[in-house]
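Report on one structure; see the data block that follows.
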Amino acid sequence: MESAKQLYAGKAKSVYEAQDPDHVVIAFRDDTSAFDGAKVEQLERKGAVNNQFNAFIMDRLAGAGIPTHFERRLSARESLCKRLEMIPVECVVRNLAAGSLCRRLGIDEGRELEPPTFELFLKDDERGDPMINESHVETFGWATSEQMARMKELTYQVNEVLRGLFLDGGMLLVDYKLEFGLFRGEVTLGDEFTPDGCRLWDRDTREKMDKDRFRQGLGSVVETYEGVARRLGLELELDD
Ligand code: TMP
Ligand code: ASP
């Protein structure tokens with residue numbers, strides 16, 4: 001990988017050129033960030049755990065007919081993905097109230113949200129990822145209204161697939177954030193699905209099993225992610 005040209009470095013992943021122009025290699029780093037990059041730490045093994053977790057989830061989503069950028073895992077930390085033209089909008093679905101929803105609206109944490117809510121945020125750390133709506137997306141040209149409708153449809157479809165998957169492992173999918181891009185004009189799921197970008201609680205104890213452990217200084221972050229993987233029946237391979 002050292003010789004490949006780096007195209008982009010985000011807060012937790014780096015993107016490199018692949019052998020053909022339609023693909024990229026995504027490397028999951030151990031960097032863990034919260035609060036729009038204000039808190040950053042290296043957590044040993046996290047990159048490898050998240051890469052394999054993401055591969056497992058993306059395969060499940062593809063199996064359910066959701067177009068994703070994921071092609072295959074290349075090594076413990078790296079995956080080959082389609083090269084998307086990213087849409088700078090974060091799509092969030094919530095099944096239970098937590099995080100910014102509670103802060104913004106004074107809703108008690110853990111309240112069931114029926115129907116699940118759908119929210120949009122602009123991917124812009126400097127502005128603290130402000131909440132936006134569908135008309136902003138169209139007016140400012142981040143996506144067309146048809147693309148926006150498709151993003152919303154796919155984000156809810158992901159909920160149908162993953163709620164049951166996590167419940168089978170004794171976990172509640174509280175909320176999650178998805179990012180999409182275009183591949184040959186088609187709205188395609190990009191970025192990642194890992195415990196860094198969703199909230200998962202133990203079904204019975206409601207213990208937090210996601211990046212809130214890092215945000216709130218609860219400890220055992222990567223160990224807990226490994227526990228989530230184990231509950232899904234995923235065997236992690238940790239060496240490159
Ligand atoms: P929030 O409660 O902070 O708005 O986040 C809702 C969910 O989306 C939560 O699972 C974390 C995830 N998320 C990110 O991973 N990155 C982001 O930039 C945002 C806005 C949310
Ligand atoms: N927006 C993500 C979070 O709050 C990542 C970050 O802020 O650095 O967890």
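Just so you know, ligand 1 is whichever comes first in the structure, and atom 1 is the first atom listed for that ligand. Only a predicted model underlies this, so the values are computations on that prediction, with no experimental measurement involved.
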Going by the atom numbers of ligand 1, which of them fall below 4.0 Å from some non-hydrogen atom of [X]?
X      : answer
Gly197 : 10 (O), 12 (C), 15 (O)
Asp196 : 15 (O)
Gly99  : 2 (O)
Asp129 : 17 (C), 18 (O)
Cys198 : 10 (O)
Arg215 : 11 (C)

(request) Name all residues meeting the salt bridge (charged side-chain N to carboxylate O under 4.0 Å, His left out) criterion together with Glu223; count only those two or more places apart in sequence or in a different chain, and write none if there are none. (result) Arg45

(request) Could you pull out, from Ser100, Cys102, Gly37, the option with a heavy atom nearest to atom 2 (O) of ligand 1? (result) Ser100

(message) Judged on heavy-atom distance to atom 19 (C) of ligand 1, which of Arg103, Glu90, Lys11 sits nearest?
(response) Glu90

(message) Check this for me, if you would: do Lys46 and Glu41 make a salt bridge, where the nitrogen-to-carboxylate-oxygen distance has to be below 4.0 angstrom?
(response) no

(request) Could you tell me whether Asp175 and Arg199 have a side-chain N and a carboxylate O separated by less than 4.0 Å? (result) yes

(message) So for ligand 1, is Arg94 a polar contact partner (N or O within less than 3.5 Å, distance only)?
(response) yes

(request) Return a yes/no value for Asp175: is any of its N or O atoms, backbone included, closer than 3.5 angstrom to an N or O of ligand 1? (result) yes

(request) Examine Lys5 relative to Tyr16 and say whether NZ or CZ is less than 6.0 Å from the centre of the six-membered ring and inside a 45° cone about the ring axis. (result) no

(request) Indicate the atoms forming the closest heavy-atom contact of Asp108 with Ala97, along with that distance. (result) O-CB, 3.6 Å

(message) Below 30° counts as parallel, above 60° as perpendicular, anything between as tilted: where do the rings of Tyr176 and Phe193 land?
(response) tilted

(message) Main chain of Pro116, side chain of Tyr156: is a donor-acceptor contact present, judged purely on distance under 3.5 Å?
(response) yes

